[in-house]
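Notes for the one structure printed next.
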Amino acid sequence: MQNYKTIFLILILSISTPVFSQDFLRWSDEFNGSNLDTNYWEYQIGDGCPNLCGWGNDERQSYQKGNIVLANGMLNINAKKETIGNSSYSSGRIRTMNKFDFSSGRIDVRARLPIGQAYWPAVWFLPSENYYGTWPLSGEIDLMEGKGQEPKNTYGTLHYGAHAPNNKYIGASYTLPSGNFTSEFHVFSLNWKKDTIQWLVDNVVYSTKTKKDLPDFWWPYNRNFHCIINLAVGGYFLGYPDGTTPDTASLQVDYIRVYQNLNDVYITSPDAILRADQQKDFYTQKIAGATYLWQVPANCKITQGQGTAAIKANWGLKSDSIKVTITNQSTTKTISKFIRTLPDTCEGVFDNVESLRTAFWVGGNGTYKAAVNNPSKDSVNTTLICNRYYRSGSTTYDALVVFSDVIRNAKAFEDGTLLMKMKLYTTAPIGTDVNINFENRSLSGLDYPSGRRCVLQAKTSKTRAWEELTFKLILKPDANTPEGNIDQMVILFAPNSNNSDVFYFDEFSLVETPCKTATSSINESEILNNKINIYPNPFTNQISIEAAFVPSQIVVFDLTGKELIAAKNIDEVNKQIPSLNTGSYIVRITNNERHFYFKIVKTNP
């Protein structure tokens, strides 16, 4: 059987070449041996208790090591009706967590599914790090889920969103045109790229999802996940065993293969980083045998990991790109990522709904809605859309919970070197308090004040008109919560009240006090020494550059870091400037390998 599978693998690779001709086999398990390869897999045992009884789905099985059997070149996960503790069935579940993690690739699984009411086979992926928070904030990808009572159907799903009951999912099902999944082997596949995920059966695409399908939430599928293969029995998804359910059933897996294309590899990191932030993590796919060479901007420093797939770096004061060159076998690929540094000068917006999203709603007592029409455009807030929150009048401390990829440390806000601002329009009376708590979610689930590192506060001075609030430290309820372990902001509109007003909010911004310039690689003295100036600023249809050197490149970015114009001289830039909308932009002027940044503003003629 082992020799047969070797020949079969060669045939499969040959047949599949036209589909993903630039892909290489990154990892596979053909399940040829007699024991599970624990270099890559670990067993999960039990019924999920005490933390997740029924595995979060009201399942009826207890997972046992003995229910995992390798024989005849197959992984067999066997379910059996028997009493183990509070469970009425036994079965098996394995995962690759911290042994094989990945964030892109083509994953093929050849399998035959069990038949029978309430048998629930699955091949799926959970995050190896709960970077955005616990389930479902950091996502879940279901490559294949079956229902034993539906032998012709399979399901592919993404789970995401806020904490229950505000969790979301989106997916599709596929029905075999002939035959079924329980008597024949079929290949279930996932084609996973940075911003797109496709589901396939026997190389037929039946579903495609992109970032645009998650309009109110972030796309969490850009960080490392691990694979889980299991056979559950019963649950909310498909119902429960009945008199027709067989006493035994098996999920058989012939192989799992992960292919990688270097063109689909990317750098995983925050899209935006605070100025001079320390020990930030950057990583890409860890490919066996590959070499890695990282390049960071001149004002940044790699502190750990050079030559590996993951580094730590101390960031500088300006937005710029980070790069890594990967060499695998005879192929070399350099990939880069533009990192927006916030604030972009000494003061700048870090979330404005329209074009720069770094703060996302994950829960609240009231009713939240993103991207609603501005209730009253004025000189304070000219944007078209904003956030809206109807406060719950029945909740004394109505907590709107927000995740921000930028705010991870409270220190600068506590010592006053960093201030937070927010624009607000409300029907609440003048003098209404607005608090922002910096918290650690897991600790804040304990009794007050656990997990509440600090409280910033501002008071309204207007009603039914926009104003910009500045938040300052008023309290540190739990100084034992580490200042660098912040993973949520909690906004409390009119705390300690039964207020039921509406609050529109927009344009969170940060202000450095004092502004960091002395150690900047693009500080004021350097600009003066090189006699660099952009004028007029603000401008209408064209700009001019005055410098003691001839720029080798001029690039214009929007405030999210997206490259809009790239040219070798100012004439080429000015040909494209009329296509820009009014608003603020960042210009990067390059002299050899030195970058100089300027903020420019386009106005109406």
Side-chain angles (χ1 to χ4, degrees), residues 19-20 22-23 101-109 123-128 131-133 135-145 154-162 166-174 188-201 203-227 258-272 283-285 335-340 351-362 369-371 385 403 405 557-564:
V19 179
F20 37 95
Q22 298 182 65
D23 293 19
D101 304 315
F102 52 105
S103 57
S104 66
R106 159 104 177 205
I107 303 97
D108 289 347
V109 179
V123 179
W124 51 303
F125 311 117
L126 282 178
S128 298
Y131 182 82
Y132 300 105
W135 191 93
L137 275 66
S138 294
E140 174 185 326
I141 306 171
D142 300 330
L143 185 157
M144 178 281 293
E145 289 184 289
T154 185
Y155 297 81
T157 310
L158 296 178
H159 293 266
Y160 64 97
N166 300 301
N167 52 303
K168 306 288 183 182
Y169 66 89
I170 186 171
S173 63
Y174 177 81
F188 304 88
S189 303
L190 193 79
N191 196 7
W192 180 7
K193 299 186 179 182
K194 182 181 179 182
D195 299 326
T196 305
I197 297 178
Q198 286 184 328
W199 287 260
L200 307 87
V201 172
N203 218 33
V204 175
V205 176
Y206 73 90
S207 180
T208 302
K209 303 301 177 189
T210 71
K211 292 178 70 171
K212 294 181 180 178
D213 293 309
L214 282 60
D216 293 333
F217 295 94
W218 61 95
W219 177 263
Y221 314 107
N222 56 5
R223 304 192 72 87
N224 275 340
F225 281 64
H226 60 276
C227 179
V258 179
Y259 299 89
Q260 188 71 63
N261 190 317
L262 284 184
N263 292 325
D264 297 331
V265 172
Y266 55 89
I267 295 172
T268 294
S269 73
D271 293 330
Y283 67 80
T284 187
Q285 295 294 278
I335 55 178
S336 66
K337 180 176 181 178
F338 185 84
I339 305 297
R340 172 76 186 278
D351 186 279
N352 67 354
V353 183
E354 289 186 311
S355 60
L356 180 59
R357 300 301 309 273
T358 66
F360 298 89
W361 166 76
V362 297
K369 179 66 177 176
I385 58 175
F403 167 81
D405 200 21
F557 304 93
D558 67 15
L559 293 186
T560 69
K562 180 181 179 181
E563 183 179 298
L564 303 176

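Every heavy atom of this structure was used, including side-chain atoms; hydrogens, water molecules and symmetry mates were not.
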| said: Looking at Tyr132 and Gly139, would you say the former's side chain and the latter's main chain have a donor-acceptor pair under 3.5 Å? | reply: no

| message | Just so I know, are the side chains of Trp219 and Leu158 near enough to count as touching, which here means a heavy-atom distance under 4.5 Å? | response | yes

| Qualifying residue, where the test is side chain to side chain contact (heavy atoms under 4.5 Å, CB included) with Gln285 and the options are Leu262, Ile267, Thr268, Val265 | Val265

| Ser104 vs Lys194 side-chain heavy atoms within contact, under 4.5 Å | no

| request: Would you kindly say whether Tyr131 and Asn224 are connected by a side-chain donor-acceptor distance under 3.5 Å? | output: no

| query | If you take all heavy atoms of Trp218 and Leu137, which pair is closest and at what distance? | reply | NE1-O, 3.1 Å

| Interatomic distance, Thr358 atom OG1 to Asp351 atom CG [nearest 0.5 angstrom] | 4.5 Å

| query | Which distance, rounded to the nearest 0.5 Å, do you find between the OG1 of Thr157 and the NZ of Lys209? | reply | 9.5 Å

| remark: When rounded to the nearest 0.5 Å, the distance separating NZ of Lys211 from CG of Asn222 is 7.0 Å

| said: Centroid separation under 6.0 Å, is that true for the rings of Phe102 and Phe125? | reply: yes

| message | I need the single residue from Trp199, Tyr206, Tyr155 that forms a ring pair (Phe, Tyr, Trp, His ring centres under 6.0 Å) with Tyr174. Which is it? | response | Tyr206

| said: With rounding to the nearest 0.5 angstrom, report the CH2 to CG distance, Trp361 to Asn166. | reply: 3.5 Å

| query | With no hydrogens and no angle check, do the side chains of Trp135 and Glu140 hold a donor and an acceptor under 3.5 Å apart? | reply | yes

| query | Between Arg106 and Leu200, is a side-chain contact (heavy atoms from CB on, under 4.5 Å) present by the stated rule, with each step listed? | reply | CA-CA 10 Å; Arg106 159 104 177 205; Leu200 307 87; 3.8 Å; yes

| said: Nearest 0.5 Å, please: how far is CD1 in Ile335 from OG1 in Thr284? | reply: 4.0 Å

| request: Compare all side-chain heavy atoms of Leu143 with those of Trp124 and state whether any distance is below 4.5 angstrom. | output: no

| Does Ser173 use its side chain to pair, donor to acceptor, with the backbone of Thr154 at less than 3.5 Å? | no

| For Phe403 against Val362, the heavy-atom pair lying closest together | CB-CG1, 4.0 Å

| CZ/Phe338 to CG/Asp271 distance, rounded to the nearest 0.5 angstrom? | 11.0 Å

| Nearest heavy atoms of Arg223 and Tyr266, plus distance in Å | N-OH, 4.4 Å

| said: Give me the atom names and distance for the closest heavy-atom approach of Lys168 to Phe217. | reply: CG-CE1, 4.1 Å

| Residue pair Ser128 / His226: nearest heavy atoms and the distance that separates them | OG-ND1, 3.2 Å

| task | Measure the shortest side-chain to side-chain distance between Asn203 and Ser189 over non-hydrogen atoms and say whether it is less than 4.5 angstrom. | result | no

| said: Tell me every residue that passes side chain to side chain contact (heavy atoms under 4.5 Å, CB included) with Thr196, counting only those two or more places apart in sequence or in another chain. | reply: Thr208, Thr210

| Heavy-atom closest pair, residues Lys212 and Pro215 | O-CD, 3.8 Å

| query | Side chain of Lys337, backbone of Ser269: donor and acceptor closer than 3.5 Å? | reply | yes

| message | Test your reading of the model: is there a side-chain donor-acceptor pair from Trp192 to the backbone of Tyr221, 3.5 Å cut-off? | response | yes

| Counting only N and O atoms by type, is there a donor-acceptor contact under 3.5 Å from the side chain of Asp264 to the main-chain atoms of Lys193? | no

